[in-house]
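Input: a single structure, listed below in structure tokens.
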Amino acid sequence: MNGNLKLAIQKSGRLTEKSLQLLRACGLDIENYSDRLIVSARNYELDLLFLRDDDIPEYVQDGVADIGIVGEDVVIEKEADVEIIKRLAYGRCRLMLAGPEDRNIPELDQLNGKRVATSYPKILSNFFRNNKIDAKIIQISGSVEIAPSLGIADYICDIVSTGNTLKLNKLKKFITVFDSEAVLIGSKNLTSDTEKFLKLKNLILRIESALNAKNSKYLMMNIPKSALQKIREILPALKSPTILPLADESMLAVHAVIPSEMFWEIQEKLHLAGASGLLLIPIENMIL
Ligand code: ATP
Ligand code: ZN
């Protein structure tokens with residue numbers, strides 16, 4: 001056993017590529033993993049364990065892995081005794097109730113006494129308990145959406161993304177049961193092991209920096225000096241912008257970090273206020 005931090009991620013599935021991308025954005029050099037169960041980062045004291053996502057919460061709980069990346073839906077469904085350290089803003093999906101499209105959308109209390117098929121029985125029974133609904137949960141491990149047409153359930157509760165699968169099966173969604181995203185989870189025993197804890201703190205800092213960078217862009221532009229006040233009002237108040245003199249004394253250069261999604265919203269206003277030569281640049285890392 002080496003003293004490396006052990007991080008479990010999904011072996012092959014929806015979270016695999018994005019998780020590897022995030023780790024690489026953290027500066028970890030990870031070789032293409034092919035079929036191996038464990039891969040060590042070349043430049044960091046970290047071992048990656050590739051596992052089925054359903055097993056990750058339990059392995060982290062039991063300390064087989066120190067930390068893991070997995071969907072929050074799986075963490076809650078497995079009722080694992082682990083800590084959610086960080087939400088990772090990818091793998092977003094929605095667990096929803098759906099029913100036959102040719103029937104009226106039911107009020108929640110009309111689900112009383114009905115059969116609902118799902119592969120998330122724990123999350124669904126929590127939801128029913130919180131809403132005081134007494135419905136029968138039929139547990140199915142895959143292809144939940146065919147349950148109504150097979151006559152084994154009246155409704156389903158399943159992950160919905162585009163809704164195409166529902167449409168194909170003549171179903172329509174009606175209520176969100178749970179919103180999920182990928183999360184970094186940690187073993188509750190980790191605090192006692194100080195050296196590993198320090199390694200984890202460093203990794204979390206890198207993850208935060210990579211997530212901040214992904215959501216932000218560096219905006220540069222030239223403006224007439226007289227427009228400075230107006231431009232400052234348009235820019236989001238994240239941080240004070242950098243203002244630099246230009247060779248043409250009537251002009252200034254303004255640099256600012258902005259939320260990526262805001263660019264198209266503000267670029268026209270900036271133009272109207274007199275800004276020119278807008279440059280939008282990706283940020284590799286950002287430590288706040
Ligand atoms: P495994 O073989 O590892 O058990 P799986 O088939 O159970 O894989 P995936 O379908 O790869 O799991 O989904 C992994 C996680 O990705 C889910 O737990 C959920 O959090 C998230 N997810 C599921 N469906 C979607 C979707 N349509 N869009 C985005 N994220 C999703
Ligand atoms: Zn799975």
Side-chain angles (χ1 to χ4, degrees), residues 6-25 30 32-39 47-62 64-98 116-127 137-147 155-169 171-186 207 210-211 214-215 261:
K6 292 195 287 293
L7 165 62
I9 68 171
Q10 191 182 21
K11 183 176 168 61
S12 83
R14 292 174 189 273
L15 300 182
T16 309
E17 209 38 58
K18 290 244 169 81
S19 301
L20 286 168
Q21 256 171 31
L22 174 65
L23 295 172
R24 290 189 175 120
I30 298 155
N32 278 334
Y33 54 99
S34 65
D35 278 336
R36 283 158 56 197
L37 173 64
I38 303 183
V39 166
D47 294 338
L48 268 187
L49 275 57
F50 292 94
L51 301 170
R52 272 199 66 203
D53 69 341
D54 313 62
D55 297 333
I56 292 176
E58 201 175 314
Y59 277 155
V60 170
Q61 170 190 290
D62 297 346
V64 177
D66 303 305
I67 48 179
I69 295 179
V70 67
E72 191 183 0
D73 52 345
V74 177
V75 179
I76 305 296
E77 184 60 34
K78 296 289 168 189
E79 298 182 310
D81 191 19
V82 296
E83 195 185 336
I84 293 185
I85 302 174
K86 187 100 208 140
R87 306 184 162 273
L88 300 175
Y90 61 88
R92 287 214 167 100
C93 60
R94 189 159 265 193
L95 201 56
M96 295 192 77
L97 284 165
V116 186
T118 189
S119 40
Y120 292 88
K122 295 269 166 55
I123 293 181
L124 185 57
S125 73
N126 289 343
F127 177 83
I137 295 174
I138 316 272
Q139 184 175 351
I140 295 184
S141 55
S143 302
V144 170
E145 63 283 352
I146 60 170
Y155 299 101
I156 65 162
C157 171
D158 201 8
I159 302 249
V160 174
S161 44
T162 58
N164 284 340
T165 316
L166 289 183
K167 258 191 217 122
L168 275 176
N169 290 280
L171 298 169
K172 63 184 171 193
K173 58 194 178 184
F174 55 91
I175 280 174
T176 299
V177 169
F178 189 78
D179 276 309
S180 179
E181 68 187 295
V183 290
L184 178 72
I185 55 171
I207 289 177
L211 293 176
K214 201 164 83 181
N215 297 329
E261 80 275 1

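Counting starts at 1 for both ligands and their atoms, in listed order. What's counted below: heavy atoms across the whole structure, side chains too, no hydrogens, waters or symmetry copies.
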Open item on the list: Please give the atom name: the N, O or S atom of D54 nearest to the Zn ion (ligand 2).
Closed with: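 Within D54, restricted to N, O or S, the Zn ion (ligand 2) is closest to atom OD1.
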Task: Identity of the N, O or S atom of D53 lying closest to the Zn ion (ligand 2) - done: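 Going by distance to the Zn ion (ligand 2), the closest N, O or S atom in D53 is OD1.
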Are the side chains of [Y] and [X] in contact, using a 4.5 Å heavy-atom criterion?
| X | Y | answer |
| --- | --- | --- |
| V160 | L95 | no |
| Y155 | T118 | no |
| N126 | F178 | no |

- [ ] Write down the atom of M96, the atom of T176, and the distance for their closest heavy-atom approach.
- [x]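 Where M96 meets T176 most closely, the heavy atoms are CE-OG1, 3.5 Å.
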Task: Set of ring-ring contact (aromatic ring centres under 6.0 Å, His included) partners for Y120, sequence neighbours left out - done: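 In terms of ring-ring contact (aromatic ring centres under 6.0 Å, His included), with neighbours along the sequence ignored, Y120 is linked to no residue.
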Open item on the list: Counting only heavy atoms and a distance below 4.0 Å, can you name the residues contacting ligand 1?
Closed with: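 Residues within 4.0 Å of ligand 1: Q10, G13, R14, L15, R52, D53, D54, G71, D73, V74, G91, R92, C93, I159, S161, S180.
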- [ ] Taking atom NZ of K18 as the centre, report whether more than 12 heavy atoms of other residues, nucleotides or ligands fall under 6.0 Å from it.
- [x]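 For K18, atom NZ is not crowded (no more than 12 foreign heavy atoms under 6.0 Å).
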Task: SB check K122 E77 (cutoff 4.0 Å) - done: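 No, this pair does not count.
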